[in-house]
Amino acid sequence: MQLEHRGPYFVPLYEPLPEDVRFYYDGKPLKLSLATEEIATFYAKMLDHEYTTKEIFQNNFFHDWRKEMTSEEQEIIKELDKCDFREIHKYFVDKNEARKALSKEEKQKLKEEADKIQEEYGYCILDGHREKIGNFKTEPPGLFRGRGEHPKMGMLKKRVMPEDVVINCSRDSKIPEPPEGHKWKEVRFDNTVTWLASWTENIQNTLKYIMLNPSSKLKGEKDWEKYEVARRLKDVVHTIRAQYRKDWESTEIKKRQRAVALYFIDKLALRAGNEKEEGETADTVGCCSLRVEHIQLHPRLDGQEHVVEFDFLGKDSIRYYNKVSVEKPVFKNLKLFMKNKDPTDDLFDQLTTTFLNKHLQHLMDGLTAKVFRTYNASITLQEQLKALTNPEDNVAGKLLSYNRANRAVAILCNHQRSVPKTFARSMQVLQEKIDAKKKQVEEAQAEVKKAEDEFNETKDAKAEANVEKKKKLLKRLEEQLARLNVQATDKEENKQIALGTSKLNYLDPRISVAWCKKFGIPIERIYNKTQREKFAWAIDMAGEDFEF
DNA sequence: CGACAGACTTGGGTAGACGTAT
DNA sequence: ATACGTCTACCCAAGTCTGTCG
């Protein structure tokens, strides 16, 4: 076991503002101490973000900022409302503009400098192989944002110093030098873990790690193992489903809750839903942490029976909204679990993820709740590709089918994105193209008619040829219109769907590789360079007859 | 057990690189 | 050549799950 690296690259130290860029308090300029000024710039940079208008953000920021002030500053700066950061804000906006306006040569020079750092710090040696590191830089200080309604938004995220950093490498390797005048917190030689360096972050008091890039052998092997576990689930999933159906009728409530939760995890690809510390993070839930207020039962709805309406915030505060017709015993059990409870009570009050996973472990070695997501995602891709791919289609048509299959998975896993800022605009441009094409089609139709009339009158061969010519043109235009319409549909369907996460984390790449080989699609058409590096193991391994 | 620490995967957002249409 | 839209790389937060400790 050998692990050798340079340690993390530390982001540059704070550079003080020029003299003429001032902070104002209560309308008067105020020279700030270096540390206080640095934190002020964090806030100033964010001025045009909506979240600086949120009370929690402002309070957290002001509280943390005051802690870092000198006692003199604390005496003066008592209200955030009286702080004027606008000059500082403008300074950074201008600086940004200036950087964008740099000449090609200057930009090239900056890039070379960045490449040099990457070259020096971005790689390590693992068992004799040079491997790319994922994140080799420490995170810069700033104001914590978080996602959704995070109670800690606006808090000060402190600068990481070498004295905070634990280095992990092999005993026989060249131990990285800390920056001049500094020491590491610790150097250890632990070959049971995969990280190269770590530090504790001050907002949630959790560890951050420097780890290898997904293209590395180590990560690739882990990825492969993950999909192999999911493939093993394929063999036993029918038994497991039979089992949880039986458990719906168990005399133990705890077992019933486990069986219903597992049904949701399997059918709807919900996350496990660990419990979280209240007040420390945004209020989000997964399966086991669902509360009564997150579901509504409809004995009948839109012509379906036993409909459960889900509405809750999941990971990253992404909304999960779904109406699902469930099997009758599930519906009955849910009614029972909700009886005499308040909206804020846990739906599965007897259930924890640990209890659920213990059970799963017993059903299959290595089985946990999240394996169902991987399994269902991958099997769905395989089935959808089978159903949607038409061998007669051209490459573009086949790729559309691939995207549709990918999209089915993203919908299953509820991978959403906010509508891109340019969406409306680019949709409009496309619509204009469609309208123009429609007009052309209409004109071509008129032309055909005219030519036909002329032929009917004259019956001469020249006129007949002209009819054929006009018809051909019409056909081509109609095809172009159809293609534009497909494109518009595709775009609209993809508006709020994020395909990347499933592609990167849930879909066994061997399914895609096999599909490409089978239908003669170049692999570059579905995986970009980074993705090909990450999935190199699969590209090597999978033949066209690979079955998940 | 249950709380907590630790390690690792999964997740959406965004700046800026990049490619394409004009 | 440039403007503009799209894609990628990067960022770092937020999950999952295991092991340990009292």
Side-chain angles (χ1 to χ4, degrees), chain A residues 11 49 96 99-100 102 104 107-108 110-111 114 118 122 132 134-140 142 144-148 150 152-153 157 166 168 190 192-195 198 200-201 203-214 218-219 222-223 225-226 265 270-277 280-282 284-289 313-318 352-358 360-361 366-374 377 410 413-423 425-427 429-430 433 491 496-506 527-531 533-534:
Chain A
V11 293
H49 277 279
N96 230 317
R99 200 161 40 81
K100 273 184 205 159
L102 249 36
K104 222 172 201 170
K107 278 186 182 162
Q108 179 62 28
L110 286 177
K111 182 156 193 309
Q118 162 83 38
K132 202 169 176 186
N135 56 324
F136 59 90
K137 290 177 180 166
T138 59
E139 291 170 16
F144 178 81
R145 174 58 187 92
R147 316 252 162 81
H150 199 116
K152 298 194 170 187
M153 65 169 86
K157 197 169 93 166
V166 178
N168 189 36
D190 184 352
T192 67
V193 295
T194 66
W195 52 268
S198 71
T200 301
E201 142 294 319
I203 302 287
Q204 323 261 14
N205 209 246
T206 58
L207 286 156
K208 295 262 185 179
Y209 300 93
I210 287 188
M211 291 193 189
L212 292 177
N213 186 276
L218 181 84
K219 292 284 190 190
K222 291 212 161 209
D223 215 26
E225 278 168 22
K226 174 181 80 182
I265 285 169
L270 299 191
R271 296 187 187 82
N274 287 305
E275 45 288 56
K276 320 204 295 175
E277 222 176 321
E280 294 291 300
T281 58
T284 63
V285 298
C287 185
C288 294
S289 49
L313 296 183
K315 183 178 179 181
D316 292 310
S317 293
I318 298 292
T352 64
T353 53
T354 314
F355 179 67
L356 174 66
N357 279 333
K358 282 256 167 65
L360 294 177
Q361 187 61 244
L367 186 60
T368 62
K370 86 186 184 79
V371 178
F372 280 87
R373 252 167 100 80
T374 313
C413 294
N414 199 40
H415 291 143
Q416 298 188 35
R417 60 169 179 177
S418 53
V419 178
K421 283 188 190 85
T422 55
F423 184 85
R425 163 116 195 86
S426 65
M427 202 63 191
V429 169
L430 190 55
K433 270 190 193 167
K491 205 180 176 86
Q496 303 198 63
I497 316 265
L499 299 181
T501 302
S502 51
K503 204 171 185 180
L504 242 41
N505 300 303
Y506 287 103
Y527 289 143
N528 67 31
K529 184 165 154 283
T530 322
Q531 292 164 342
E533 280 166 10
K534 168 167 172 158

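Labels below follow one simple rule: chain letters A, B, ... track the order of the sequence lines, proteins then strands, and each chain is numbered from 1. Keep in mind the model is a prediction, meaning the values are calculated, not measured.
Taking atom CG on A:Asn274 and atom C1' on C:dG15, their separation rounds to 8 Å, with Å as the unit. To the nearest angstrom, P of C:dA9 lies 15 Å from NZ of A:Lys137. One interatomic measurement links the two molecules: NZ of A:Lys226 to P of C:dC17, which rounds to 12 Å at whole-angstrom precision. The CD1 atom of A:Ile203 sits 13 Å away from the P atom of C:dC12 (whole-angstrom rounding). Note: NE2 (A:His150) to P (C:dC12) measures 16 Å, nearest angstrom. With rounding to whole Å, A:Asn213 atom CG is found 12 Å from C:dC11 atom P. In this structure, CD of A:Glu533 is placed 13 Å from P of C:dT8, rounded to the nearest angstrom. Atoms NZ (A:Lys529) and C1' (C:dT8) sit 10 Å apart, rounded to a whole Å.
For the pair A:Thr368 and C:dC17, the criterion of a side-chain N or O lying under 4.0 Å from OP1 or OP2 is met. Considering only side-chain N and O atoms, A:Lys157 lies under 4.0 angstrom from the phosphate OP1 or OP2 of C:dA13.
For A:Gln361, counting side-chain heavy atoms from C-beta on, the closest listed nucleotide (C:dC10, C:dT18, C:dT16) is C:dT18. When distances run from any side-chain atom of A:Asn357 to the nucleotides C:dC12, C:dT18, C:dG15, the shortest one goes to C:dT18. In this structure, the nucleotide among C:dT8, C:dC12, C:dG15 sitting nearest to the side chain of A:Asn528 is C:dT8. Counting only heavy atoms from C-beta on, A:Arg271 has its side chain closest to C:dG15 among C:dC11, C:dC17, C:dG15.
The neighbour count for A:Lys433 NZ, taken as heavy atoms of other residues, nucleotides or ligands under 6.0 Å away, does not exceed 12. With a 6.0 Å radius and a threshold of 12 heavy atoms from other residues, nucleotides or ligands, A:Lys358 has its NZ atom at or below the threshold.
Here the closest non-hydrogen pair linking A:Arg271 and A:Ile265 is O-CG1, 4.5 Å. Between A:Lys107 and A:Arg99, the closest heavy-atom pair is CE-O, 3.9 Å. Across all their heavy atoms, A:Phe136 and A:Gly122 have their closest contact at CD2-CA, 3.6 Å.
Counting non-hydrogen atoms under 4.0 angstrom, A:Thr284 reaches the backbone sugars and phosphates but no base. At a threshold of 4.0 angstrom between heavy atoms, the contacts of A:Ser418 are confined to the sugar-phosphate backbone, with no base atom among them. Across all strands shown, A:Lys315 has heavy atoms under 4.0 Å from base atoms, whether or not it also approaches the sugar-phosphate. Within 4.0 Å (heavy atoms only), A:Glu201 reaches no atom of the nucleic acid at all. If you check every strand for non-hydrogen atoms under 4.0 Å, A:Pro214 touches nothing. Within 4.0 Å of A:Ile318, counting heavy atoms only, lie sugar-phosphate atoms of the nucleic acid but no base atom. Heavy atoms of A:Thr194 sit under 4.0 angstrom from primed sugar atoms or phosphate atoms, though from no base atom. As judged by a 4.0 angstrom heavy-atom cut-off over every strand, A:Gly273 is placed among residues touching the sugar-phosphate backbone only. Across all strands, A:Tyr506 comes closer than 4.0 Å only to sugar-phosphate atoms, never to a base (heavy-atom distances). Among the atoms of the strands shown, only primed sugar atoms or phosphate atoms (P, OP1, OP2) are found under 4.0 Å from some heavy atom of A:Ala369. Contact annotation for A:Lys219: backbone-only contact, meaning every heavy-atom pair under 4.0 Å involves sugar-phosphate atoms and none involves a base.
A side-chain contact (heavy atoms from CB on, under 4.5 Å) with A:Arg147 is found for exactly one of A:Thr281, A:Leu313, A:Asp316, namely A:Asp316.
With the nearest nucleotide of DNA chain C identified for both A:Gly146 and A:Lys491, A:Lys491 has the one nearer the 5' end. Toward the 5' end of DNA chain B, the nearer of the two residues A:Asn205 and A:Arg417, judged by each one's closest nucleotide, is A:Asn205. Closest-nucleotide positions on DNA chain C for A:Phe423 and A:Phe144 were compared, and the one nearer the 5' end corresponds to A:Phe423. In this structure, A:His49 and A:Asp316 both approach DNA chain B, and ranking their closest nucleotides by distance from the 5' end singles out A:Asp316.
Salt-bridge formation is not detected for the pair A:Glu201/A:Lys157: no Lys NZ or Arg NE/NH1/NH2 atom is positioned less than 4.0 Å from an Asp or Glu carboxylate oxygen. Salt-bridge check for A:Glu533 with A:Lys529: passed, with a basic side-chain N closer than 4.0 Å to an acidic carboxylate O.
A side-chain donor from one of A:Asn274 and A:Thr353 sits under 3.5 Å from a side-chain acceptor of the other.
Protein chain A touches strand DNA chain B; the 5'-most and 3'-most nucleotides with an atom under 4.0 angstrom of its non-hydrogen atoms are B:dG6 to B:dG16.
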